[in-house]
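Hydrogens, waters and symmetry mates play no part in the numbers below; they use all other heavy atoms, side chains included. The structure displayed is predicted, hence computed values, not measured ones.
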Amino acid sequence: DVEYGWPALAQQAMLDADLLEHNYQGFLQRARGLFSSLEHCDAVRTATRQAMEDLGGGGFFGQALELGNSLLKLEPEGSHLALLAREQICGLLFLIGQNHKAEQNLQALLDHPDLPESMVLHSLILLADAFSLQGKFDESENVLQRIRQSFRVPYVGMRSANIHAANLR
């Protein structure tokens, strides 16, 4: 168990204050410093993910993406937490219309040998979307076929039908 004394709580409070004051550069600097300490890692991850959601929800996609890329650099390569960060980054890339970058990040996710099945399904659906949005309809259809063969849940059939309909343009 990690003990959280006053210094640790003060650092976390400063991290929260940076977010409340929209001081994202200060947040990033403080987060990088705190991330090296095991007692702060979880608090930094939580605050960063929340900040990404808040910024993205407020339309500040560039800042949210910057936080996501910073978080990705802090996580151990290939760890489950790095995979989650990359997945969140993909969602932001879609929101700002960078479908090619989303495609690249999704391919990187899908290449990971330990990607949980739930993330495989979500990443494949997003990849089919990414291909479709770029006019790569054959690639999108191939991904949809892979989804239909590998996953037998009603949502997948409905979602793939929606993407398929978009591919018929």
Side-chain angles (χ1 to χ4, degrees), residues 2 4 7-112 115-116 118-136 139-140 143 155 158-159 162-163 166-167 169:
V2 176
Y4 290 95
L9 292 174
Q11 289 294 323
Q12 290 175 24
M14 293 297 294
L15 194 68
D16 291 338
D18 285 336
L19 287 178
L20 289 172
E21 295 173 3
H22 307 286
N23 178 9
Y24 302 112
Q25 292 304 320
F27 174 87
L28 283 172
Q29 279 185 305
R30 192 176 311 279
R32 285 185 192 110
L34 290 173
F35 206 79
S36 63
S37 168
L38 286 177
E39 68 180 312
H40 297 289
C41 284
D42 289 337
V44 172
R45 280 186 190 106
T46 301
T48 304
R49 289 193 198 299
Q50 186 60 53
M52 288 174 67
E53 286 180 26
D54 292 348
L55 286 166
F60 300 101
F61 304 120
Q63 290 165 320
L65 195 55
E66 183 180 354
L67 283 178
N69 285 323
S70 294
L71 179 62
L72 187 59
K73 290 175 188 171
L74 294 173
E75 296 292 1
E77 180 67 33
S79 70
H80 182 71
L81 294 167
L83 297 174
L84 289 172
R86 186 174 298 278
E87 185 179 45
Q88 196 169 4
I89 288 168
C90 289
L92 289 166
L93 290 168
F94 272 113
L95 290 173
I96 59 176
Q98 294 188 6
N99 301 315
H100 180 70
K101 285 185 180 180
E103 174 193 336
Q104 291 172 331
N105 276 276
L106 289 163
Q107 294 284 15
L109 267 176
L110 290 164
D111 287 343
H112 194 277
L115 189 66
S118 62
M119 287 181 74
V120 170
L121 173 59
H122 187 243
S123 297
L124 285 170
I125 290 170
L126 291 177
L127 184 60
D129 275 335
F131 283 141
S132 182
L133 290 168
Q134 296 175 79
K136 299 178 179 179
E139 291 91 336
S140 180
V143 173
Y155 166 79
M158 292 183 321
R159 185 70 183 110
N162 288 343
I163 297 170
N167 288 348
R169 291 185 228 155

> Out of curiosity, Asp129 CG to Cys90 SG, how far, rounded to the nearest 0.5 Å?
Replying inline: 12.0 Å
>> According to side-chain hydrogen bond (donor to acceptor under 3.5 Å, both in side chains), who are the partners of His112, at least two apart in sequence or on a separate chain?
In response: none
>> Are the side chains of Val120 and Leu124 in contact, using a 4.5 Å heavy-atom criterion?
In response: yes
> Quick one: CD on Gln104 to CD on Gln107, what's the gap to the nearest 0.5 Å?
Replying inline: 9.0 Å
>> Does any part of the side chain of Gln88, heavy atoms only, come nearer than 4.5 Å to the side chain of Glu53, both counted from C-beta?
In response: yes
> What distance separates Ile89 CD1 from Leu65 CG, expressed to the nearest 0.5 Å?
Replying inline: 6.5 Å
> What distance separates His122 NE2 from Leu106 CG, expressed to the nearest 0.5 Å?
Replying inline: 9.0 Å
>> Does Phe60 have more than 12 heavy atoms from other residues, nucleotides or ligands lying within 6.0 Å of its CZ?
In response: no
> Does the side chain of Asp54 pick up a donor-acceptor pair with the side chain of Gln50 at under 3.5 Å?
Replying inline: yes
> Nearest heavy-atom pair of Arg49 and Leu81: which atoms, and what distance?
Replying inline: NH2-O, 3.4 Å
> Between Ser140 and Ala128, what is the shortest heavy-atom contact and its length?
Replying inline: OG-O, 3.0 Å
>> Show the nearest heavy-atom pair for residues Glu103 and Leu127, with the distance to one decimal.
In response: CG-CD1, 3.9 Å
> Residues two or more places apart in sequence or in another chain: which of them pass side chain to side chain contact (heavy atoms under 4.5 Å, CB included) with His22?
Replying inline: Tyr24
>> For a 4.5 angstrom cut-off between non-hydrogen side-chain atoms, does Leu67 reach Phe27?
In response: yes
>> Quick check: closest heavy atoms across His80 and Pro116, and the distance to 0.1 Å?
In response: CE1-CG, 3.6 Å
> Which atoms form the tightest heavy-atom contact between Pro76 and Ala82, and what is the distance?
Replying inline: O-CB, 3.5 Å
> Once you round to the nearest 0.5 Å, how far does CD1 of Ile96 lie from CZ of Phe61?
Replying inline: 8.0 Å
> Could you give the distance from CD (Gln98) to CG (Leu95), rounded to the nearest 0.5 Å?
Replying inline: 11.0 Å
> Can you find a pair of side-chain heavy atoms, one from Met119 and one from Leu84, that are under 4.5 Å apart?
Replying inline: yes
> Ser123 pairs by side chain to side chain contact (heavy atoms under 4.5 Å, CB included) with which of Leu83, Asn105, Leu110?
Replying inline: Leu110
>> Testing the basics here: between Leu126 and Phe94, what is the closest heavy-atom pair and its distance to 0.1 Å?
In response: O-CZ, 3.2 Å
